[in-house]
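What follows is a single structure, written as structure tokens, with notes after it.
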Amino acid sequence: MRILVIHGPNLNLLGTREPDVYGTATLAEIDSLLRERGRGTGAEVECVQFNAEGAIIDAIHRAAGRYDAIVINPGAYTHYSIAIRDALAAVGLPVVEVHLSNIHAREDFRRHSVIAPVCRGTISGFGPVGYVLALEAVLALAGRA
Ligand code: DQA
């Protein structure tokens, strides 16, 4: 089982970016937590981060035939990127959407996700643990947990 974790824009700044909203864990710490959890289940977890929308779309295209599931935090693209939504729909892999913060408890513009309808589910508001929960979710979907 191979799982691709895609982090979107500004998530490379985790640790120092608005720590009151996003916490103090760095992206490297989150990624190593995910790889470790993957190893414990026999799943291979690869983590990538891109600020550019096109780079995220390219990563989604490349995932077809190479990965069994995608975990994605699209960052601000969540709220308006029809192109990322279409890419996820096109490859047809099971997708779990993750947000560190509770997007429903913030500004109005963050409450709507254009990505959610093409995902199996969304995990929002649990900080870095949300990624681990998303990993559990894709393993469960694949009958591996
Ligand atoms: C986020 C929520 C988005 O609204 C925001 O633009 C982000 C991070 C989250 O993880 O809580 O960049 O996706």
Side-chain angles (χ1 to χ4, degrees), residues 1-53 55-60 62-63 66-89 91-145:
M1 171 104 190
R2 299 194 74 212
I3 300 162
L4 180 64
V5 178
I6 303 176
H7 305 285
N10 300 308
L11 295 169
N12 53 312
L13 300 180
L14 285 178
T16 55
R17 176 193 181 197
E18 300 183 79
D20 46 319
V21 178
Y22 299 114
T24 53
T26 65
L27 197 62
E29 287 165 350
I30 292 173
D31 288 348
S32 89
L33 184 69
L34 290 173
R35 281 192 290 263
E36 193 181 308
R37 172 69 191 129
R39 273 194 296 275
T41 61
E44 195 182 317
V45 177
E46 190 185 334
C47 304
V48 293
Q49 187 275 332
F50 301 106
N51 290 316
E53 186 179 27
I56 294 173
I57 293 165
D58 288 339
I60 294 167
R62 279 194 303 270
R66 292 190 175 87
Y67 292 89
D68 301 296
I70 294 175
V71 169
I72 185 166
N73 181 347
Y77 294 134
T78 303
H79 314 298
Y80 65 91
S81 178
I82 308 299
I84 291 176
R85 172 194 169 126
D86 285 353
L88 291 169
V91 299
L93 292 170
V95 182
V96 176
E97 177 186 2
V98 179
H99 299 287
L100 293 152
S101 64
N102 178 355
I103 59 172
H104 301 287
R106 301 182 62 194
E107 301 95 327
D108 280 352
F109 66 84
R110 293 188 205 275
R111 291 196 183 145
H112 182 65
S113 167
V114 299
I115 308 296
V118 296
C119 296
R120 298 294 290 267
T122 301
I123 295 166
S124 176
F126 299 103
V129 167
Y131 284 100
V132 178
L133 297 174
L135 205 55
E136 297 291 344
V138 291
L139 290 168
L141 286 172
R144 293 285 295 270

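Values in this document were obtained by computation on a predicted structure and should not be read as measured data.
Distance check, rounded to the nearest 0.5 Å: CG of Asn73 to CD1 of Ile30 gives 9.0 Å. Summarising the geometry, atom OH belonging to Tyr67 is positioned 9.0 Å from atom CD1 belonging to Ile6; distances are rounded to the nearest 0.5 Å. In this structure, the separation between CZ on Arg62 and CD1 on Ile57 is 12.0 Å, given to the nearest 0.5 Å. Going from atom CG of Leu4 over to atom CD of Glu44 covers 11.0 Å, rounded to the nearest 0.5 Å.
For residues 20-43, the set of pairs meeting the ring pair (Phe, Tyr, Trp, His ring centres under 6.0 Å) definition, not counting sequence neighbours, is empty. Counting only residues at least two apart or on different chains, the side-chain hydrogen bond (donor to acceptor under 3.5 Å, both in side chains) pairs with a member in residues 78-87 are Glu53-Ser81. Residue pairs meeting the salt bridge (charged side-chain N to carboxylate O under 4.0 Å, His left out) criterion with at least one member in residues 98-114, sequence neighbours excluded: Glu107-Arg110, Asp108-Arg111.
Contact detail for Ala63 and Leu93: the closest heavy-atom pair is O-CD1, 3.8 Å. The shortest non-hydrogen separation linking Val138 to Ile70 is CG1-O, 4.5 Å. Minimum heavy-atom separation, Gln49 to Gly8: NE2-O, 3.1 Å. The two residues Gly38 and Leu135 have their closest heavy-atom pair at N-CD2, 4.2 Å.
Side-chain contact check for Leu100 versus Leu14: some heavy-atom pair is nearer than 4.5 Å. Two residues are said to be in side-chain contact when any heavy atoms from C-beta on lie closer than 4.5 Å; Val5 and Val98 fail this criterion. Side-chain atoms of Leu33 and Tyr131, non-hydrogen and from C-beta on, never get closer than 4.5 Å to each other. At a threshold of 4.5 Å between non-hydrogen side-chain atoms, the residues Leu34 and Ile3 do not count as touching. The closest side-chain heavy-atom distance from Asn12 to Phe50 is not below 4.5 Å. In this structure the side chain of Cys47 never reaches within 4.5 angstrom of the side chain of Leu27, judged on heavy atoms. Side-chain atoms of His7 and Asp31, non-hydrogen and from C-beta on, do get closer than 4.5 Å to each other.
Not counting sequence neighbours, Glu36 has no partner by the salt bridge (Lys or Arg N to Asp or Glu O under 4.0 Å) test. Every side chain to side chain contact (heavy atoms under 4.5 Å, CB included) that Thr41 has, sequence neighbours left out, goes to Arg37, Ala43, Leu139.
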Cut-off 3.5 Å, no hydrogens considered: what does the side-chain donor-acceptor table look like for residues 114-129, sequence neighbours left out?
from: Thr122; atom 1: OG1; to: Glu97; atom 2: OE1; distance (Å): 3.0
from: Ser124; atom 1: OG; to: Ser101; atom 2: O; distance (Å): 2.8
from: Ser124; atom 1: OG; to: Ile103; atom 2: N; distance (Å): 3.1

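Under the side-chain contact (heavy atoms from CB on, under 4.5 Å) test applied with Arg17, the options Leu11, Thr26, Thr24 reduce to a single match, Leu11.
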